[in-house]
Amino acid sequence: MKIIMLGPPGAGKGTQAKRIAGFYGIPHISTGDIFRANLKGGTPLGMEAKKYMDQGLLVPDDVTVAMLLKRLEEPDCAKGFVLDGFPRTIPQAESLKEALAASGKHIDFAINVDVPDEVIIDRMGGRRACVSCGSTYHIAYSPPKTEGRCDVCGEALIQRDDDKPETVGKRLDVYHEQTHPLIEYYEKDDVLDNVDGTRPMDEVFDHIIELLS
Ligand code: ADP
Ligand code: AMP
């Protein structure tokens, strides 16, 4: 099963993608997580991506597409994957479609997690992340058992620089301009499903599984 998660930053794509991946035993691939891992490791790709991430801008398509397609070649992707945060532009979607078509494959589902901007501001303001294992929390809706510490690996949780209020507005503008058109793109391909992302996490998950089954 090859699944794409669509929706604004902070909609809950990652939260749901991790659960879907666990449910179906397929990898969860987040381009944001790959960039952050590179940044943490001090790689040239991480340094390049940081210039854009810090400003709430998208990393250029050529860099992002090359990185993602390389990841999809790994053996664990043979039985499917959940993409979270990719594609974010029409050219990225076209590159993905071409690459999959070259081996007779296609995207099966594009799940649009629909959440209005005012809810996003609250979600991103309260998001806390573990840069060590990639777990995500919310100070009100999904708090860790011990304040400020990751439940999974015990590392200190951080607020991502790009979740600070000064960057969130820019990221939402970029979403509306460059990423929102993908909803129509996948609607035309007849693979789009919408879910109400303002509902509690478990209800959103149940709705997604119902759509995928
Ligand atoms: P995205 O991957 O789309 O950027 P996340 O999955 O990281 O979004 O979710 C953003 C924040 O909102 C996180 O702090 C997460 O714990 C919280 N969150 C996700 N889904 C819900 C939900 N349905 N209700 C309330 N909070 C949520
Ligand atoms: P995310 O973790 O999905 O919120 O992504 C964090 C940041 O990484 C984004 O604001 C972008 O700067 C960058 N990024 C992640 N995925 C992409 C993508 N598909 N295209 C371009 N930039 C991306």
Side-chain angles (χ1 to χ4, degrees), residues 4-21 28-40 45-46 48-69 71-72 82-96 111-117 119-131 134-144 150-151 157-164 167-175 177-179 182 195-208:
I4 285 174
M5 303 301 292
L6 295 177
K13 301 182 299 296
T15 301
Q16 298 301 333
K18 285 186 187 108
R19 293 182 67 170
I20 298 165
H28 161 224
I29 301 173
S30 154
T31 39
D33 283 353
I34 303 177
F35 285 134
R36 281 184 289 277
N38 274 276
L39 190 53
K40 199 174 168 226
L45 174 65
E48 174 69 9
K50 182 178 163 53
K51 293 192 270 183
Y52 302 93
M53 292 169 84
D54 281 354
Q55 295 178 69
L57 299 173
L58 296 183
V59 179
D61 285 341
D62 54 347
V63 176
T64 309
V65 167
M67 177 183 86
L68 188 273
L69 294 185
R71 175 66 185 88
L72 293 188
V82 192
L83 297 186
D84 160 19
F86 185 97
R88 263 178 154 102
T89 65
I90 298 278
Q92 290 183 12
E94 296 276 64
S95 300
L96 176 65
I111 305 288
N112 178 41
V113 185
D114 193 15
V115 176
D117 286 8
V119 178
I120 291 299
I121 306 214
D122 178 45
R123 293 259 180 102
M124 284 159 105
R127 173 159 61 185
R128 296 294 179 269
C130 174
V131 273
S135 299
T136 303
Y137 302 86
H138 189 283
I139 50 172
Y141 310 126
S142 173
C150 179
D151 290 351
L157 299 178
I158 57 139
Q159 180 174 30
R160 282 166 45 177
D161 282 342
D162 61 349
D163 278 352
K164 297 194 171 142
T167 319
V168 169
K170 181 68 202 167
R171 292 174 72 199
L172 277 172
D173 290 347
V174 167
Y175 167 75
E177 259 172 52
Q178 301 192 58
T179 309
L182 290 174
V195 294
D196 177 358
T198 63
R199 288 158 57 192
M201 292 174 204
D202 286 350
E203 289 183 25
V204 178
F205 181 64
D206 290 347
H207 186 194
I208 293 175

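Ligands are counted one by one from 1 in listed order, and the atoms in each one are counted from 1 as well. Basis for what follows: all heavy atoms, side chains included, without hydrogens, waters or symmetry-related copies.
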Got a salt bridge between Lys170 and Asp54, using NZ or NE/NH1/NH2 to carboxylate O under 4.0 Å? no

For Leu58 and Tyr52, the nearest pair of non-hydrogen atoms, with its separation, is O-CD2, 3.6 Å

Checking side-chain polar atoms at under 3.5 Å, does Asp84 have a donor or acceptor matched by the opposite partner on His28? yes

Do you know which two heavy atoms are closest between Ala93 and Pro87, and how far apart they sit? N-CB, 3.6 Å

Nearest protein heavy atom to atom 12 (O) of ligand 1, by residue and atom, and its distance? Arg123 CD, 3.0 Å

Give yes if a backbone or side-chain nitrogen or oxygen of Leu57 is under 3.5 Å from a nitrogen or oxygen of ligand 2, and no if not. yes

Please answer whether the main-chain N or O of Gly85 pairs with a side-chain N or O of Arg88 as donor and acceptor at a distance below 3.5 Å. yes

Whether the side chain of Lys50 engages the backbone of Phe35 through a donor-acceptor N/O pair (distance < 3.5 Å, no angle test) should be reported. no

Please find the pair of heavy atoms, one from Val168 and one from Asp162, that lie closest to each other, and give the distance. CG2-O, 4.1 Å

Can you name the atoms of ligand 1, numbered from 1 with element, that are less than 4.0 Å from a heavy atom of Gly14? 1 (P), 2 (O), 6 (O)

Please lay out, stage by stage, how Asp122 and Tyr141 fare under the test side-chain hydrogen bond (donor to acceptor under 3.5 Å, both in side chains). CA-CA 10 Å; Asp122 178 45; Tyr141 310 126; 2.4 Å; yes

Could you tell me whether Thr136 approaches ligand 1 through its side chain, its backbone, both or neither, with non-hydrogen atoms closer than 4.0 Å? side chain

Among all protein non-hydrogen atoms, which one is nearest to atom 22 (N) of ligand 2, and what is the separation to 0.1 Å? Val59 N, 3.0 Å

Answer yes or no for Lys13: is there a heavy-atom contact with ligand 2 below 4.0 Å? no

Tell me the contacting part of Ser30 for ligand 1: side chain, backbone, both, or neither, using a 4.0 Å heavy-atom threshold, strictly below. neither

Could you list which atoms of ligand 1 come closer than 4.0 Å to a heavy atom of Gly197? 23 (N)

Could you tell me if any non-hydrogen atom of Ala11 lies under 4.0 Å from any atom of ligand 1? yes

If we only count N/O pairs under 3.5 Å, is Gly12 in contact with ligand 1? yes

Should the pair Asp163-Arg171 be classified as a salt bridge under the 4.0 Å nitrogen-to-oxygen rule? yes

At a 4.0 Å threshold, what atoms of ligand 2 neighbour a non-hydrogen atom of Gly85? 16 (N), 17 (C), 18 (C), 19 (N)

Quick one: does Pro9 get an N or O within less than 3.5 Å of an N or O on ligand 2? no

Looking at Thr64, which atoms of ligand 2 are within less than 4.0 Å of one of its heavy atoms? 18 (C), 19 (N), 20 (N), 21 (C)

Please write down residue, atom name and distance for the protein heavy atom closest to atom 14 (O) of ligand 1. Tyr137 O, 2.7 Å

If you look at every heavy atom in Thr198 and Val115, which pair is closest and at what distance? N-CG2, 4.1 Å

Could you grab the distance from atom CG of Leu6 to atom OG1 of Thr179, nearest 0.5 Å is fine? 9.0 Å

What residue and heavy atom of the protein are closest to atom 10 (C) of ligand 1, and at what distance? Gly10 O, 3.5 Å

Quick look: Arg199 vs ligand 1, heavy-atom contacts under 4.0 Å, and the answer is backbone

re atom 7 (O) of ligand 1, the protein heavy-atom contact at minimum distance is Arg127 NH1, 2.7 Å

When rounded to the nearest 0.5 angstrom, what distance separates OG1 in Thr89 from CD in Glu177? 12.5 Å

Which heavy atom of Ser142 sits nearest a heavy atom of Tyr137, and at what distance? O-CB, 3.3 Å

Pro200 heavy atoms within 4.0 Å reach ligand 1 at atoms 23 (N)

Numbering the atoms of ligand 2 from 1, which are under 4.0 Å from a heavy atom of Arg171? 4 (O), 10 (O)

For ligand 2, find out whether one of its N or O atoms is nearer than 3.5 Å to an N or O atom of Ser30. no

Could you list which atoms of ligand 2 come closer than 4.0 Å to a heavy atom of Asp162? 6 (C)

Under 3.5 Å between any N/O of Asp84 and any N/O of ligand 2: does that happen in this structure? no

Could you work out, for atom 16 (O) of ligand 1, the closest of Glu203, Arg171, His138 by heavy-atom distance? His138

Do you know the tightest heavy-atom contact between Leu157 and Pro144? CD1-CG, 3.6 Å

Which residue supplies the protein heavy atom nearest to atom 5 (O) of ligand 2, what is that atom called, and how far is it? Arg88 NH2, 3.5 Å

Give a yes or no on whether a salt bridge exists between Arg36 and Asp33, defined as a side-chain N under 4.0 angstrom from a carboxylate O. yes

Considering only non-hydrogen protein atoms, determine which one is nearest to atom 23 (C) of ligand 2 and report residue, atom name and distance to 0.1 Å. Phe35 CE1, 3.8 Å

State the atoms of ligand 1, each with its element, that fall below the 4.0 Å cut-off from a heavy-atom position in Thr15. 5 (P), 6 (O), 9 (O), 15 (C), 19 (C)

Taking 4.0 angstrom as the limit and counting only heavy atoms of Tyr141, give me the atoms of ligand 1 inside it, by number and element. 25 (C), 26 (N)

Would you give the length of the straight line joining atom CD of Gln55 to atom OG1 of Thr167, rounded to the nearest 0.5 angstrom? 9.5 Å

Rounded to the nearest 0.5 angstrom, the CZ-CG distance for Arg123 and Asp117 is 12.5 Å

Select one of side chain, backbone, both or neither to describe which atoms of Arg160 lie under 4.0 Å from any atom of ligand 2, heavy atoms only. side chain

Mode of Pro8 contact toward ligand 1 - side chain, backbone, both, neither (heavy atoms, under 4.0 Å): backbone

List every atom of ligand 2 that sits less than 4.0 Å from any heavy atom of Thr31, numbering the atoms from 1 in the order shown and giving each element. 15 (C), 16 (N), 17 (C), 19 (N)

Do other residues, nucleotides or ligands put more than 12 heavy atoms under 6.0 Å from the NZ atom of Lys18? yes

Contact atoms of ligand 2, heavy-atom distance to Gln92 under 4.0 Å: 18 (C), 19 (N), 20 (N), 21 (C)

